[in-house]
Amino acid sequence: MSAPYFFAAGIFSVVYWPHLPAVPVVLLLMLGGFLLHYCWPSFSVLLLGIVYGFFWGHYTLGHQLPDELTATDITIVGEIYSIPVRDDRRVQFKLRLDEASTNLKLQKLRLSWYGEEVFPEPGQVWQLQVRLRRPRGYVNPGGFDYQAWLLQQGFSATGYVRASPQNRLIEHRWSFDRLRYQLQQKMINSNFNEDAQALMSALTIGDRSLISNDLWYRLSLLGVIHLLVVSGLHIGFVAAMGYVAGSLLARCFTLLCRPMNLCRPMNLCRPMNARYSGAVLSLVFALSYSALAGFSLPTQRALIMVMVALVALLANRYIGRAMIFGLALAGVALIDPLAIMGAGFWLSFGAVAGLLWLVPVVKHVPKWQLFFRVQWLMFLLLILPLAFWQLPVAWFSPLVNSIAIPWISFLVVPLCLFGVVMIPLSPAMAEWLWWLAGKQLEGFVTLTAKLAVPAWLPLYPPWPMTGMSLLLMVCIVGLVLLPRGIPGRYLSIPLAIALFCLPSGRQELLTVTVLDVGQGLSIVVQTRKHTLVYDTGPGHAKSYDAGSALVAPFLRKGDVTGLDTLVVSHSDNDHAGGIAGLMRHYSPAMWLAGSPAVEETVSAPEQCRAGQFWAWDGVEFRILHPADAGEKNNNNHSCVLAITYLDQVILVPGDIDATVERRLLPELQQIQAGKKHFVLLAAPHHGSNTSSSQQFLEVTNPQQVVFSTGHRHHFGHPAEPVVQRYLKRGATLWNTAEQGAITFRWQKNGEFSTTAQRTHARRYWF
């Protein structure tokens, strides 16, 4: 029974290896796994799981774009698969390469095609001239690992299509994704609002791209997002529908066979086994719905569980719930060895574990109470992964799910799927069924819009997320879920009080982190009790901005429950593009902006002015520039922030150029005259040639310099002459493009340590 668990643990453990061993070493480990099978079977299975994880890693990295071909033009031929995603500037799509189109070992590409006249569709085979990049993502504490996600999806490279006469459509091929795309287009053209169209597309074909950020966030706060995409719940429901339908068909056929066999000398019409017929049709239904949803990762997990249970049923074997759970775990590990890194893995398997082990404990209660009791059990159980992954706690989820689960699962989903089945038989009937589903979804969206989480309920745990707090939470949930008759539940009360009395996990007097946001800037400064964010990174499209995707997760990872000050140097997108995203999660007590044109969201910022001063926990903050609003160059509107701790100064100058640097020299010399020295400098304008002048370096003479740049960005930051100027002065150089987020931590005596995230949290894929 334990073999699947050990095998899955072996595969998942490879995620945390900083490097993959060479292939000969892996082969020796595999031989050792086979030899240990008889004397130590559990360790043997664990070792074989590790070997599989190694081979998968080598295979996945082996078909990635060679680094020397990054940012070069390549002509390729491939078939578009999955459903393209369009926004105001571009269309994103996935391409499966034809083997003969290139001599490179590339398999799948994730491409962007800019232009309003472009309409790529699944099943089309294109010849394209593309500029590719090796899969790469930002590396920050608490941030989403985009590079790991690309590996999970099997992408060999990302890039964009170049404008070229070589771009041409070669042929059309039939594919299941083309059918999904056609269904999506039918839903988009249906007669109900955009939110209902988006949810119907998500429920029917697993396409989430049409769901707006605001709707997604609102539904996640209510804890119903799992109901409005193709999830394990829906796969299980469809499988149950198939089982019931198969059983009924078998019974009906058996009833028809009995009178027919009485009139015939030979038994030509044999009765069908309802159990086996139900299992077969259940498997067909589950496979069909998973294919319609594009075999996304959540559907794969549910499908594996359904298949294990149905195969056991067809084989007339009893398989316990522990074995079913273990086989599903091992199956997911085989398909996706990186699945353990995602919150969805823990939430889905946590929910399944609750259904398998906790629900039977309360099965003695009346049936009308069972459903509501299950919702509370699942809420308590899933608080743990939600807190660990710093996801918002859906306080109303037990109540909302009690209404939404039967509504969506028993009324909306069947109408959506029956509409798909009816399209070739009666398009008018299909449209009517979809109209019924769409109107219900419109009503559901309207209802959820009226439900708001009270401001006094914290969306995230108000205590520091440390090992001790997680242990206390596990104990509290365990005590609350104790079966009836076992004493000790009351102990959860003092443990819950203890959660709020835990000391903050922040021990350093001063911490400065330059986040990895690509070609942009975002710096987080933390004292013992206060937090300042300088710039919010770029915003690339409506669907992405660094403020919500990178800065906010970092703050939550650092147990920041409130933001004291936000300083936006100037209005350029690479510095201010993430403002709105960050403010969806944090409302700063003070907001300063250097440019008058900085985007206004909740409230207008206060203008950044030279001379502004405040102090937190023994750390001083002073604005050195701008002195007025008369700068012609927007970069020179940048707020220049000097942070002083003891006799050490951290200088954050934004995007100022050499002209402002010269104007700042007297004040910088005055700081030096006060027996203070510049220990850390965020390189002006990302290390551009227009900044970091020789006079500026002679005065500041920084010990540590950080360049916040994009990896191989076309701007070419930092400029080589600038790098050489710093090196000649003996400065230690850091670059977020190469080393990820850079963190500096100061102790009481003024000594500081430095951590580069790509080294500190090293993974074998970066």
Side-chain angles (χ1 to χ4, degrees), residues 11-12 14-15 20 52-53 55-65 70 76 78-87 90-99 104-113 120 122-123 128 130 132-139 143-161 175-178 180-181 184 202 205-209 211 229-231 290-304 331-346 348 540-541 543-544 549 763-766:
I11 295 175
F12 288 143
V14 179
V15 168
L20 293 176
Y52 178 85
F55 274 123
W56 186 89
H58 278 293
Y59 170 76
T60 303
L61 297 180
H63 64 72
Q64 291 194 339
L65 181 76
T70 292
I76 50 93
E79 178 186 352
I80 295 174
Y81 72 99
S82 191
I83 299 177
V85 179
R86 180 177 293 278
D87 59 29
R90 62 182 177 177
V91 56
Q92 279 191 326
F93 61 96
K94 303 172 184 177
L95 194 80
R96 186 182 294 109
L97 291 180
D98 286 354
E99 294 182 2
L104 300 174
K105 296 180 180 179
L106 305 181
Q107 294 184 355
K108 298 177 182 178
L109 306 179
R110 189 170 193 250
L111 300 174
S112 296
W113 200 338
L128 299 170
V130 297
L132 301 178
R133 298 170 62 91
R134 189 178 176 89
R136 190 179 180 87
Y138 307 132
V139 181
F144 172 66
D145 194 334
Y146 177 63
Q147 189 171 349
W149 180 84
L150 291 173
L151 261 65
Q152 285 179 284
Q153 304 296 318
F155 291 119
S156 301
T158 61
Y160 62 95
V161 179
S175 69
F176 212 85
D177 284 324
R178 186 164 185 81
R180 298 176 62 230
Y181 176 74
Q184 183 210 49
I205 59 175
D207 174 39
R208 310 179 186 183
S209 63
I211 302 177
V229 296
V230 178
S231 63
S290 298
L292 195 62
F295 286 110
S296 61
L297 291 180
T299 62
Q300 289 176 12
R301 297 166 192 157
L303 184 60
I304 290 171
V332 169
L334 280 168
I335 295 172
D336 182 14
L338 302 183
I340 194 173
M341 297 184 63
F345 169 86
W346 294 96
S348 61
H540 296 303
S543 59
Y544 174 84
R763 298 291 182 262
Y764 69 79
W765 51 87
F766 62 72

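For the atom pair Arg96 CZ and Ser175 OG, the distance stands at 8.0 Å (nearest 0.5 Å). With rounding to the nearest 0.5 Å, the separation of CG in Leu20 from CZ in Phe55 is 11.0 Å. Arg763 contributes atom CZ, which lies 6.0 Å from atom CE of Met341 (distance to the nearest 0.5 angstrom).
The shortest heavy-atom contact between Arg180 and Ile205 is NH2-O, 2.6 Å.
Applying the side chain to side chain contact (heavy atoms under 4.5 Å, CB included) rule to Ser209 yields the partners Val85, Gln184, Asp207; only residues at least two apart in sequence or on another chain are considered. With sequence neighbours left out, His63 forms a ring-ring contact (aromatic ring centres under 6.0 Å, His included) with Tyr59. Taking the ring-ring contact (aromatic ring centres under 6.0 Å, His included) definition, one finds that Trp765 meets it with nothing, sequence neighbours left out.
The aromatic ring centres of Phe12 and Phe345 sit less than 6.0 Å apart.
The shortest side-chain heavy-atom distance between Leu109 and Leu97 falls under the 4.5 Å cut-off. Side chains of Ile340 and Trp346 form a contact here, defined as non-hydrogen atoms less than 4.5 Å apart. Here the side chains of Ile304 and Ile335 are in contact, with some heavy-atom distance below 4.5 Å. When side chains are defined from C-beta on, Ser156 does not count as touching Leu65, because their heavy atoms never get closer than 4.5 Å.
Residue Trp149 places its CH2 atom among more than 12 non-hydrogen atoms of other residues, nucleotides or ligands, all under 6.0 Å distant.
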Exercise for review: Please assess Val130 against Ile76 for the test side chain to side chain contact (heavy atoms under 4.5 Å, CB included), listing each intermediate value before the final yes or no.
Suggested key: CA-CA 7 Å; Val130 297; Ile76 50 93; 3.9 Å; yes
